[in-house]
Chemist: 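So that we are looking at the same thing, I have put the structure below in structure tokens.
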Amino acid sequence: MLFISILILIMVMAISSLKTKIPPILFQRMSSIILIYAGALSLNALYIQSIGSGIGIYSGLFHVTFISQLLEIFIYIIGAAILIARPNVTYLNNSLILENNYKNTIEYSLIIIFSTLGASLLISSSNLISMYLSIELQSFAVYILPTLYKDSELATNAGLKYFLLGSLASCLILLGSGLIYTYTGLTNLESIYNFISVTEYLNNNISQGIALGFIIIFIGFLLKISAAPLHNWAPDVYDESPTIVTIWLTIMPKISILILILEMFTQITLVNPVLESLGLNTLKYLLLISSLFSLIIGTVVGLTQIKIKRLLAYSTISHIGFILLALSINSVQSIDSFIFYILQYTLTNLNTFLIIIAIGYILNNNILINKGSEKDINYISELKGLFFSNPILSISLTICLLSMAGTPPFLGFFSKQFVLYSAIQSGYYFMSIAGILVSIISASYYLRIIRILHTENSVLGKVPGFILNKSSKGSENTKIEISNIHSLIISILTLFILFFIFKPSILLKSTQLLSLSLFLN
């Protein structure tokens, strides 16, 4: 479905002439509808009776299961929400800028669909070959996103840095896959798991080679999701990229890779609980060490940040620490908290960036017309006194920040509570104490933003509204419209985060069923 849609959109872009262009906002909406329709088709596939035990397709390259289909629907919905969030920018009396905006909108929509296709394929991959190709399909699309803004030196720098370090991670994944194939002669993951389970027939060299291959693959995954100590690229890339690109970088690549790590790690531990003889128990310690570093670095370094996107980058690293902690415990309860944390992180992070995008378009009434790009919110100080000029957006952002800090009764509190409770139940007392301490410390930089929002006087004066007039030249006008759908998405997500406590059973029971289905299969 997505592949055919990509071909059609490319044909539309190719045959459209200069005088008969499709309006940029229409192209965005078409792409969003495509993703929503793809999600509806995935939902319809859940009625297949044999999907509970899994269905192998394309000669076993992909394995479609109940959990992969539900998460695929979730990915499509999130992708459509991000895509429709880009505002309609109309430049008056400047056809050249309108032309640049048209090209960027079409390219942006196509790249988003390409990346979503790669993410959906990745979570269903059951072969080393399909896994690597899916990661590259997703990654190549994401590499291009920051460089769409060709006039921005920072965006180009971010794209190049992301490409180089992402290529390093891909090389590690390919090296680990090659080692596993060398010692097993297999590429199908299920066959590899069965091969591992027969430990008495493996000599020491073979077992060490397989273990080393999986360790290198997991290191590549950790580099892809910016888990500490492999996180150095993330703050720079997130800060230098436009916010509409950063919102995609922080959410979509992480969801698919984390789900793939979940499936691989649980299957490895299920086929052979006694892993010391193979050396595969090192994977658990690798995830625990990365979790501890992510919790500490994401919290401590985040205290010193003055830029909003760099701070949110370190916040993401801290959240990755909680996610990896839940994964490394590897019990039914911890996997339940793992899935719940991913859903919570995605929704809260999505809403936070949507609000920051809206604030950027509202506060910055001087647009860089010569470059044809909207000015983003870069520094935390730019949010001074926002509550007095736009209380609704300010309160929505406050709710998201309190949820990220783990403040009850918001959604983020329950996700951290479940992870820490499962850690205590499994005897991980040190990690539980570390998680509690970093949650308390990290609350300080969230509260700092809230204090700036509500107590300090604004130096920008009264907000003019959604229509921004008079450019820096003074002779050209610009009109930016935050769409009603953008506002609706912010409202729905904010209310869900706020009122989750009144009806938590639907989401909690869903994650419990997903975790049980993973272990039962």
Side-chain angles (χ1 to χ4, degrees), residues 74 77-78 81-82 85 246-247 250-251 254-255 258 294-295 298-299 302-303 305 308-309 311-323 325-326 336-359 380 383 386-387 391-421 435-454 487-508 510-511:
F74 182 71
I77 294 174
I78 296 299
I82 295 174
T246 307
I247 188 176
T250 57
I251 296 177
K254 290 180 172 54
I255 296 176
L258 284 170
S294 298
L295 290 172
T299 301
L303 295 172
Q305 302 304 312
I308 183 68
K309 285 189 286 187
L311 187 146
L312 291 176
Y314 283 106
S315 171
T316 297
I317 294 169
S318 179
H319 288 300
I320 291 294
F322 281 100
I323 293 174
L325 174 59
D336 178 15
S337 62
F338 171 87
I339 298 174
F340 181 80
Y341 205 110
I342 289 180
L343 298 179
Q344 176 273 141
Y345 161 80
T346 302
L347 296 177
T348 307
N349 221 36
L350 172 64
N351 197 33
T352 302
F353 276 99
L354 289 179
I355 294 170
I356 292 175
I357 290 171
I359 293 173
I380 300 175
L383 302 174
L386 178 66
F387 176 77
I392 296 179
L393 276 181
S394 179
I395 293 174
S396 299
L397 182 58
T398 300
I399 292 172
C400 292
L401 293 174
L402 290 175
S403 178
M404 285 184 175
T407 307
F410 302 111
L411 180 62
F413 166 75
F414 296 98
S415 61
K416 290 187 177 181
Q417 180 195 25
F418 295 155
V419 172
L420 295 175
Y421 180 74
I436 294 171
L437 290 177
V438 299
S439 295
I440 296 172
I441 296 172
S442 65
S444 62
Y445 57 67
Y446 296 118
L447 293 175
R448 176 161 58 97
I449 301 176
I450 295 173
R451 177 180 62 84
I452 292 175
L453 283 170
H454 291 83
S487 303
L488 179 62
I489 294 173
I490 292 176
S491 303
I492 293 174
L493 292 177
T494 303
L495 293 175
F496 181 77
I497 294 169
L498 180 61
F499 296 119
F500 171 78
I501 189 174
F502 295 108
K503 193 64 176 178
S505 58
I506 298 177
L507 184 57
L508 293 179
S510 300
T511 56

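Fair warning: this is a prediction, and the values are worked out from it, not measured in the lab.
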Chemist: Where do Leu420 and Phe322 land on the side chain to side chain contact (heavy atoms under 4.5 Å, CB included) test, with the steps shown first?
Modeler: CA-CA 8 Å; Leu420 295 175; Phe322 281 100; 4.1 Å; yes
Chemist: Are Leu508 and Phe418 packed together at the side-chain level, in the sense that at least one heavy-atom pair is separated by less than 4.5 angstrom?
Modeler: yes
Chemist: Between Ile251 and Leu350, is any pair of side-chain heavy atoms under 4.5 Å apart?
Modeler: yes
Chemist: Is the closest side-chain heavy-atom distance between Pro408 and Phe414 below 4.5 Å?
Modeler: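 Sidechains of Phe414 and Pro408: no contact.
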Chemist: If we check side chain to side chain contact (heavy atoms under 4.5 Å, CB included) with Leu393, which of these qualifies: Ile359, Leu383, Leu453, Thr398?
Modeler: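 With Leu393 as partner, side chain to side chain contact (heavy atoms under 4.5 Å, CB included) holds for just one option, Ile359.
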Chemist: Under 3.5 Å, which donor-acceptor pairs do the side chains of residues 312-321 form with other protein atoms, sequence neighbours left out?
Modeler:
unit_1 : atom_1 : unit_2 : atom_2 : d
Ser315 : OG     : Tyr446 : OH     : 2.3
Thr316 : OG1    : Leu312 : O      : 2.9
His319 : ND1    : Tyr341 : OH     : 2.7

Chemist: Could you go step by step and tell me if Ile497 and Leu402 meet the side chain to side chain contact (heavy atoms under 4.5 Å, CB included) rule?
Modeler: CA-CA 10 Å; Ile497 294 169; Leu402 290 175; over 6 Å; no
Chemist: Run the side chain to side chain donor-acceptor pair (under 3.5 Å) test against Thr348 and tell me which residues pass, sequence neighbours left out.
Modeler: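 By the side chain to side chain donor-acceptor pair (under 3.5 Å) rule, Thr348 matches Gln344.
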Chemist: Is it the case that the side chain of Lys416 and the backbone of Met404 share a donor-acceptor pair, with hydrogens and angles ignored and the cut-off at 3.5 Å?
Modeler: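 Present.
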Chemist: If we only count heavy atoms from C-beta on, is the Thr299 to Leu437 side-chain gap below 4.5 Å?
Modeler: no
Chemist: Does either side chain, that of Asn351 or that of Thr494, offer a donor lying less than 3.5 Å from an acceptor on the other one?
Modeler: yes
Chemist: Would you mind reporting whether Phe353 and Ile308 have side-chain heavy atoms less than 4.5 Å apart?
Modeler: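 No; the side chains remain at least 4.5 Å from each other.
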Chemist: Grab the two heavy atoms, one from Gly302 and one from Leu311, that are nearest each other, plus how far apart they are.
Modeler: O-CD1, 4.0 Å
Chemist: With rounding to the nearest 0.5 angstrom, report the CG to CD1 distance, Leu354 to Ile82.
Modeler: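 These two atoms lie 7.5 Å from each other.
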Chemist: In Å and rounded to the nearest 0.5 Å, what is the CZ to OG distance from Phe496 to Ser491?
Modeler: 15.0 Å
Chemist: Roughly how far apart are Ile355 CD1 and Ile489 CD1, rounded to 0.5 Å?
Modeler: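 Between atom CD1 of Ile355 and atom CD1 of Ile489 there are 12.0 Å.
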Chemist: What closest approach, in Å, do Ala326 and Ser337 show between heavy atoms, and which atom pair accounts for it?
Modeler: CB-OG, 3.7 Å
Chemist: Just how far is it from atom CD1 of Ile342 to atom CG of Leu258, taken to the nearest 0.5 Å?
Modeler: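 It is 4.5 Å, given to the nearest 0.5 Å.
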Chemist: Is the Phe340 to Tyr421 ring centre distance short of 6.0 Å?
Modeler: no
Chemist: Side chains of Leu397 and Ile450: does their closest heavy-atom pair fall under 4.5 Å?
Modeler: no
Chemist: Measuring from Phe413:CZ to Thr407:OG1, what's the distance to the nearest 0.5 Å?
Modeler: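 Reported to 0.5 Å precision, the distance equals 9.5 Å.
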Chemist: For Ile392, look at atom CD1 and say whether over 12 heavy atoms of other residues, nucleotides or ligands are found less than 6.0 Å away.
Modeler: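 Atom CD1 in Ile392 is not crowded, with 12 or fewer foreign heavy atoms closer than 6.0 Å.
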Chemist: So how far is it from Ile339 CD1 to Ile323 CD1, rounded to the nearest 0.5 Å?
Modeler: 11.5 Å
